[in-house]
Student: 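My structure is below; once you've seen it, I'll send some questions.
Residue numbering restarts at 1 for every chain, and letters A, B, ... go by the order of the sequence lines. Side-chain atoms are counted along with the backbone in the values below, which use heavy atoms only and exclude waters and symmetry mates. Here the structure is a predicted model, which means the values were calculated and not measured.
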Amino acid sequence: MNFLHQAISQAFDTIFNVQIPENQVNLEQTKKEFDGHVTFVVFPFIRHTKKSPEETANILGQYLKENCTQVADFNVIKGFLNIVLNDEYWLNTFEQQILKEDFGFLKPNGEKVMVEYSSPNTNKPLHLGHVRNNLLGYAVAEILKAAGYEVIKANLVNDRGIHICKSMLAWQKFGNGEKPETAHLKGDHLVGKYYVIFDQEYKKEIEALKADGKTEDEAKKQAPLILEAQEMLQKWEAGDDEVKTLWKTMNSWVYAGFDETYKKLGVNFDKFYYESNTYLLGKDIVEEGLAKGVFFKKVDDSVWIDLTADGLDEKLVRRADGTSVYITQDLGTAQLKYDDFKMQQSIYVVGNEQDYHFKVLFLILAKLGKSWAKGLYHLSYGMVDLPSGKMKSREGTVVDADDLIQEMQDTAKEKTEALGKVDHFEDAEKENLYRMIGMGALKYFLLKVEPKKRLLFDPKESIDFQGNTGPFIQYTHARIKSVLTKANYQELKVTYPSHLAETELDLIQILSKYPEVLASAAKEHNPAAIANYTYDLAKSYNKFYQTESILKVEEENIKQFRLQLSCHTAATLNKGMSLLGIEMPERM
RNA sequence: GGUUGCAUAGCUCAGCUGGAUAGAGCAACUGCCUUCUAAGCAGUAGGUCUCAGGUUCGAAUCCUGAUGCGACCA
């Protein structure tokens, strides 16, 4: 499309004697209800041409038609110049770009980027909110890879702290030595069970204390269980053998459970960080900040940074007693990550409840003069809410990840069986298909919405399998594969037809947009752009499929062309969906 | 109280750096399987783009304010 920018810029120069740089020539796709493929809006330029919009557009259109072999025709409606490109141009685009092996992958740009995502707590199993995080992180990482970056997927596991101690303590007191094998529970669910038990018992103690006349606050602080949990945390920090052993055991249960869930979700990591190793980091940075005069001490010896000039508050970075706060360890971990990989960009996939935290974190690093601070980015996403409101694990109103995955697969099975198309499949293929479709529906559902928007999930309404959904796109793919199989398709040199059908041209035009959609999805960290594109492509193919016959056309070259077009549509659908972690079945 | 995000059809969402009569899907209604997979295609109906100002030849899009929902900071 570059030639058009150039030609229009040239036209302004030769006809009107005004210099319009190519990058100021904005072209957009012509709306469906008008003739043409590309539209140039002339309104902004009529002050240069000193002619009416219509006249300007007509003059430019005439110039393009005479000087560009690719321009077949044009029409003008008010200030809109609609340009019709000839079939040869589109076939050339198809052959020179879309057919190429590396179509859909941008050239390596030599930049390294870390995507940190998932980052779970080891005291409870994953829920729907984590699923969104995992799918987003994975997809963004894959998109960046395809866009030419070298990507490191990182997972910072929150494996220590008071919340783990709560689970540990409850297990010690009420567990009777229960293990995942004896309880027939996934390890993460077993540990989560004791986290809930802790909370229940703790609440009982609070009520008892309140009955004795304590205030709510006093009761919360004085309940024996919480005191014991705090004591356990101190022992852990002191390296107490017994506590550490229990901690290791219970964490290993959780990891086994997480591994299973990660596997089902199809996500993976290149690098794990554990807070048990990083929670003491950042002390050096506090000293560094004091030395550089970025931080200051208050009379009680606590260390702060003043961010009021940036519209934020004063922020504590070290307590008066010398202990770290949450952000201190994040400062240290950021430095550690950079030292490990020297990446140009570092993306944190974390919910929008931590917007303020990351704003402060990045700002502090910038003020400390870290050259890499400008590459830090918080990919903030909206919460997943239920119709009843927020999910709360302690109140049991969470949508459990494992349950949800199972339900999706069950639903996929039900719907597939009802259609009766796979009765002759081997059992293994059927099971695999149900898995693909169920996960495809779930992943697409969560990823088609822009990350920053919050998401409403109604467990009572099952996720759709029709329309703008994962299965629709999977179905389109399977449909194409079926045609190709029937034709025993082998790619060979095609003599292209002299005339393109409307649906063929539309399809080529949409296919040709894939690289720029990918580039923009990478730039915006937005998997939804890929999802929506893939849907448009599938829809466009289905229209073509419905309108034109492929296997039954008389002319062999048209048949070959349509097969080739189908084949590369399937390939592009596959590329796009694979960035979202969605697998495409050969048949369904 | 302060900061920040969101608000588009009954529901779920698109709408690129401002452009033509605001688009999809679901749900409702109507057609299309003796023809390449009907998880599909075509059509009907459904809108004061939360509200009020402003900038502009032109605003769902940009600015200001209000309202509603959410999050965060004390």
Student: Does the cation-pi check pass for A/Arg132 over A/Tyr381, that is, NZ or CZ under 6.0 Å from the six-membered ring centre and within 45° of its axis?
Tutor: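 Geometry flag: not set, cation outside 6.0 Å or 45°.
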
Student: In terms of side-chain heavy atoms, does A/Asp313 have a donor or acceptor partner in A/Tyr356 at a distance below 3.5 Å?
Tutor: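 Present: a donor and an acceptor within the cut-off.
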
Student: Go ahead and name the base partner of B/A42; Watson-Crick or wobble counts if both distances stay under 3.5 Å, otherwise write none.
Tutor: B/U30

Student: To the nearest angstrom, how far is A/Lys421 atom NZ from B/G40 atom C1'?
Tutor: 8 Å

Student: Assess the residue pair A/Phe40 and A/Phe80 against the criterion (ring-ring contact (aromatic ring centres under 6.0 Å, His included)); give the C-alpha distance rounded to whole Å, side-chain angles, the decisive distance to 0.1 Å, and a yes or no.
Tutor: CA-CA 6 Å; A/Phe40 178 61; A/Phe80 298 87; over 10 Å; no

Student: Which is it for B/C33, anti or syn, if anything within 90° of zero counts as syn?
Tutor: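 Classified syn.
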
Student: A/Asn82 near the nucleic acid: base, sugar-phosphate alone, or nothing, with a heavy-atom cut-off under 4.0 Å?
Tutor: base

Student: Take atom C1' in B/A60 and the same atom in B/G23, then report the distance between them in whole Å.
Tutor: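 Straight-line distance between the two C1' atoms is 12 Å.
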
Student: Round to a whole Å and report the spacing from NZ of A/Lys539 to P of B/A14.
Tutor: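 It is 15 Å, rounded to the nearest whole Å.
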
Student: Is A/Arg479 close enough to B/A38 that one of its side-chain N or O atoms is under 4.0 Å from OP1 or OP2 there?
Tutor: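 For A/Arg479, the contact criterion (side-chain N or O under 4.0 Å from OP1 or OP2 of B/A38) is met.
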
Student: Measure from CG on A/Asp506 to P on B/A42 and round the result to the nearest Å.
Tutor: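 For the pair A/Asp506 CG and B/A42 P, the rounded distance is 11 Å.
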
Student: So what's B/C51 paired with, Watson-Crick or G-U wobble, going by both distances under 3.5 Å?
Tutor: B/G65

Student: Work out how far the C1' atom of B/G18 is from that of B/A59, and round it to whole angstrom.
Tutor: 6 Å

Student: Return the nucleotide paired to B/G19: Watson-Crick means purine N1 to pyrimidine N3 with N6-O4 or O6-N4, wobble means G-U with N1-O2 and O6-N3, both under 3.5 Å.
Tutor: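 Pair assignment: B/G19 / B/C57.
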
Student: Looking at every strand, decide which applies to A/Thr416 at a 4.0 Å heavy-atom threshold: base, sugar-phosphate, or nothing.
Tutor: base

Student: For B/A7 and A/Lys453 - does any side-chain N or O of the residue sit under 4.0 Å from the phosphate oxygens OP1/OP2?
Tutor: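 Checking B/A7 against A/Lys453, a side-chain N or O does come within under 4.0 Å of OP1 or OP2.
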
Student: Applying a 4.0 Å non-hydrogen cut-off, can you work out what A/Glu450 is touching in the nucleic acid: base, sugar-phosphate, or nothing?
Tutor: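 Sugar-phosphate contact only.
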
Student: Heavy atoms under 4.0 Å, any strand shown: does A/Tyr356 hit a base, just sugar-phosphate, or nothing?
Tutor: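 Here A/Tyr356 touches the backbone only, sparing every base.
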
Student: Taking any heavy-atom pair under 4.0 Å as a contact, classify A/Ala478: base, sugar-phosphate, or nothing.
Tutor: base

Student: Over all strands shown, is A/Phe465 touching base, sugar-phosphate only, or nothing at heavy-atom distances under 4.0 angstrom?
Tutor: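 If one applies the 4.0 Å heavy-atom cut-off, A/Phe465 turns out to touch a base.
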
Student: Please assess A/Tyr545 against A/Thr476 for the test side chain to side chain contact (heavy atoms under 4.5 Å, CB included), listing each intermediate value before the final yes or no.
Tutor: CA-CA 10 Å; A/Tyr545 179 93; A/Thr476 307; over 6 Å; no

Student: How far does the C1' atom of B/C51 sit from the matching atom of B/U12, given to the nearest Å?
Tutor: 24 Å

Student: Between A/Tyr545 and A/Asn26, who's closer to the 5' end of RNA chain B by nearest nucleotide?
Tutor: A/Asn26

Student: What are the atom names and distances for every N/O pair under 3.5 Å that joins the protein to nucleotides 55-64 of chain B?
Tutor:
none

Student: So, under a plain 3.5 Å distance rule, would you say the side chain of A/Thr39 forms a donor-acceptor pair with the base of B/A20?
Tutor: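 Flag set: donor-acceptor pair detected.
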
Student: Distance criterion of 3.5 Å, no angle test: do you see the side chain of A/Asn542 paired donor-to-acceptor with the base of B/A38?
Tutor: no

Student: Provide the distance between the two C1' atoms, one in B/A7 and one in B/C13, to the nearest whole Å.
Tutor: 13 Å

Student: Knowing that exactly one of A/Ile98, A/Ile510, A/Leu507 qualifies, which makes a side chain to side chain contact (heavy atoms under 4.5 Å, CB included) with A/Thr569?
Tutor: A/Leu507

Student: How is A/Ile437 classified with respect to the nucleic acid when contacts are heavy atoms under 4.0 Å: base, sugar-phosphate, or nothing?
Tutor: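 If one applies the 4.0 Å heavy-atom cut-off, A/Ile437 turns out to touch a base.
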
Student: P atom, B/A24 versus B/A14: distance in rounded Å?
Tutor: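 Taking atom P in both B/A24 and B/A14, they lie 16 Å apart.
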
Student: Should A/Lys31 be listed as having a side-chain N or O under 4.0 Å from OP1 or OP2 of B/A20?
Tutor: yes

Student: Tell me the interatomic distance from A/Leu565, atom CG, to B/C36, atom C1', rounded to whole angstroms.
Tutor: 14 Å

Student: Base, sugar-phosphate alone, or nothing: which one does A/Val41 contact when heavy atoms must sit under 4.0 Å apart?
Tutor: base

Student: For nucleotides B/C63 and B/G19, find the distance between their P atoms and express it as a whole number of Å.
Tutor: 15 Å

Student: Would you indicate, yes or no, if B/U37 has its OP1 or OP2 atom less than 4.0 angstrom from a side-chain nitrogen or oxygen of A/Lys486?
Tutor: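 The answer is yes; a side-chain N or O of A/Lys486 sits under 4.0 Å from OP1 or OP2.
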
